[in-house]
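Take a look at the structure below.
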Amino acid sequence: AQGYETILTETRGRVALITLNRPQALNALCAQLMTELNDALARFDADPAIGCIVLTGSEKAFAAGADIKELQPTTYPQSYTGDLITPWDGVANRRKPIIAAVAGFALGGGCEVAMMCDFIIAADTAKFGQPEIRLGVMPGAGGTQRLTRLVGKSKAMEMCLTGRMMDAAEAERAGLVSRVVPAAELIAEAMKAAETIASMSLPIVMMTKESVNRSYETTLAEGIRFERRVFQAMFATADQKEGMSAFVDKRKPAFRNG
Ligand code: CO8
């Protein structure tokens, strides 16, 4: 719709679906794709009609990593001054929830982008890995940090040092993904979760995301203090009154995002 060449976007009700679409390169994340992805995410994040975003790839690959053909000739000064990685932060810095729906390969930067999303629903065909070491580099878009926090040091270290891939079942056991679904149901399941989220109060959803993410950035005591202040602030919303009144009245709440 916005003249994108490497992604597809659509909206279904209050859910936005973004599909990575470079089939000839297993959705390798070239600079153009990351620019377009950031643009689409920023638009949906700013659109009051959207309550949740789903990010997916193809059946074969969520994304097979950064575009190795683009990176191969890059020199250190270019990598430093060109600031190649900063645009990737856009995925992690969005304020509305983003669900990664992963089928097939999520490797290198593909695994890193999936981990930047708020949670991952995996098809039973999903394969996760940080194979950068085989290319003579290491993960550069958060993989050494986010994977370690998600699956623990031992598994993260093994994956980063050997490049071994995890299948969906292992990824679920390790806590990398929230759940595994049959590949044919991946998009429907991710959309269902996104519709559920989008039916909640948007400000409460955004405050909840911010509070969970806070746990990564601070001590337990400070995180709990942050949670408490945000929780208390929720009583200033009409949606708190509506949600609790609806429970008491035994009816469905009608949130007004206020
Ligand atoms: N970059 C560029 N092209 C790719 C990539 C990639 N990451 N992955 C696949 N392709 C291309 C292939 O070159 C091939 O193109 P062509 O047909 O023109 O030769 C096409 O996609 C299909 O791929 P294959 O023929 O290899 O498909 P297979 O089914 O045989 O294999 C694999 C699938 C195992 C996924 C294989 O393609 C593979 O190993 N890909 C590379 C995986 C990888 O190493 N990823 C890490 C990349 S580095 C990285 O992500 C660092 C991120 C750092 C932060 C960001 C910095 C800007």
Side-chain angles (χ1 to χ4, degrees), residues 4-8 18-42 55-94 98 100-117 120 122-151 155-168 170-171 176-177 183 186:
Y4 300 136
E5 293 175 343
T6 62
I7 61 171
L8 305 170
I18 303 178
T19 305
L20 306 176
N21 186 36
R22 289 186 74 209
Q24 72 285 5
L26 299 181
N27 293 332
L29 304 164
C30 61
Q32 181 187 359
L33 185 149
M34 290 311 298
T35 302
E36 293 182 358
L37 175 59
N38 269 328
D39 185 80
L41 287 171
L55 177 61
T56 195
S58 69
E59 270 175 38
K60 184 148 190 229
F62 177 76
D67 192 312
I68 299 166
K69 291 164 192 172
E70 259 181 17
L71 293 180
Q72 186 268 335
T74 302
T75 64
Y76 169 66
Q78 284 167 346
S79 119
Y80 183 82
T81 60
D83 206 12
L84 300 179
I85 304 171
T86 301
W88 292 50
D89 294 338
V91 182
N93 291 341
R94 301 274 65 100
I98 308 175
V102 174
F105 297 111
L107 301 179
C111 188
E112 291 174 307
V113 165
M115 291 189 292
M116 289 175 196
C117 297
I120 302 173
D124 49 14
T125 58
K127 287 202 178 327
F128 298 88
Q130 299 288 166
E132 289 91 339
I133 196 131
R134 298 181 186 181
L135 301 168
V137 291
M138 68 174 192
T144 64
Q145 306 302 300
R146 288 196 178 92
L147 186 65
T148 307
R149 289 174 188 219
L150 283 163
V151 308
K155 203 178 274 287
M157 192 69 93
E158 186 202 348
M159 289 180 68
C160 290
L161 290 178
T162 68
R164 177 176 79 79
M165 288 186 222
M166 269 201 245
D167 65 16
E170 183 179 359
L176 177 58
V177 309
L186 176 66

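All values derive from a computational prediction rather than experimental measurement. Indexing begins at 1, ligand by ligand and atom by atom, following the structure's order.
- The side-chain contact (heavy atoms from CB on, under 4.5 Å) with Leu176 is formed by just one residue from the set Arg146, Met115, Met159; it is Met115.
- Closest heavy-atom approach to atom 6 (C) of ligand 1 among the candidates Pro23, Gly65, Ala66, Ala31: Ala66.
- Under 4.0 Å from ligand 1, the heavy atoms of Pro131 that appear belong solely to its side chain.
- Nearest residue to atom 46 (C) of ligand 1 from Gly110, Pro139, Ala141, Gly108 is Gly108 (criterion: closest heavy atom).
- Contacts between Leu29 and ligand 1 below 4.0 angstrom, taking non-hydrogen atoms only, are absent altogether.
- Of the protein's non-hydrogen atoms, Leu135 CD1, 3.7 Å is the one closest to atom 48 (S) of ligand 1.
- Listed by atom number, the atoms of ligand 1 under 4.0 Å from Leu107 heavy atoms are 35 (C), 42 (C).
- Looking from atom 57 (C) of ligand 1 to the surrounding protein, the closest heavy atom is Trp88 NE1, 3.8 Å.
- Within ligand 1, counting atoms from 1 as listed, the ones closer than 4.0 Å to a heavy atom of Glu132 are 48 (S), 49 (C), 50 (O), 51 (C).
- Of the protein's non-hydrogen atoms, Lys69 NZ, 4.1 Å is the one closest to atom 16 (P) of ligand 1.
- Numbered from 1 in the order shown, with element, the atoms of ligand 1 that lie under 4.0 Å from a heavy atom of Gln24 read 15 (O), 20 (C), 21 (O).
- When all heavy atoms of Val151 and Ala156 are compared, the closest pair comes out as CG2-N, 3.7 Å.
- Ranking protein heavy atoms by distance to atom 53 (C) of ligand 1, first place goes to Gly140 N, 3.9 Å.
- Lys60 NZ, 4.2 Å is the protein heavy atom nearest to atom 28 (P) of ligand 1.
- The nearest pair of heavy atoms linking Glu36 to Ile7 is O-CD1, 3.5 Å.
- For atom 27 (O) of ligand 1, the nearest protein heavy atom (residue, atom name, distance) is Leu26 CD1, 3.8 Å.
- Two residues are said to be in side-chain contact when any heavy atoms from C-beta on lie closer than 4.5 Å; Met165 and Glu170 fail this criterion.
- Side-chain polar atoms of Tyr4 and Asn21 form no donor-acceptor pair below 3.5 angstrom.
- Side-chain contact between Thr74 and Leu84 is present, with at least one heavy-atom pair separated by less than 4.5 Å.
- Every atom of ligand 1 with a heavy atom of Ile85 under 4.0 Å away is listed here by number and element: 56 (C).
- The shortest heavy-atom contact between Gly109 and Glu132 is N-OE2, 3.8 Å.
- For the residue pair Thr6 and Gln32, no side-chain donor N or O sits within less than 3.5 Å of a side-chain acceptor on the partner.
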Practice task
Just do the side-chain contact (heavy atoms from CB on, under 4.5 Å) check on Leu29 and Leu37 with the steps written out, would you?
Solution key: CA-CA 10 Å; Leu29 304 164; Leu37 175 59; 5.6 Å; no
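- In terms of protein heavy-atom proximity, atom 1 (N) of ligand 1 is nearest to Ile68 N, 2.9 Å.
- Among protein heavy atoms, the minimum distance from atom 45 (N) of ligand 1 is reached at Ala64 O, 2.9 Å.
- Close approach of ligand 1 to Ala25 (heavy-atom distance below 4.0 Å) involves ligand atoms 4 (C), 9 (C), 10 (N), 11 (C), 21 (O).
- For the residue pair Ala168 and Ala123, the shortest heavy atom distance occurs at CB-O, 3.4 Å.
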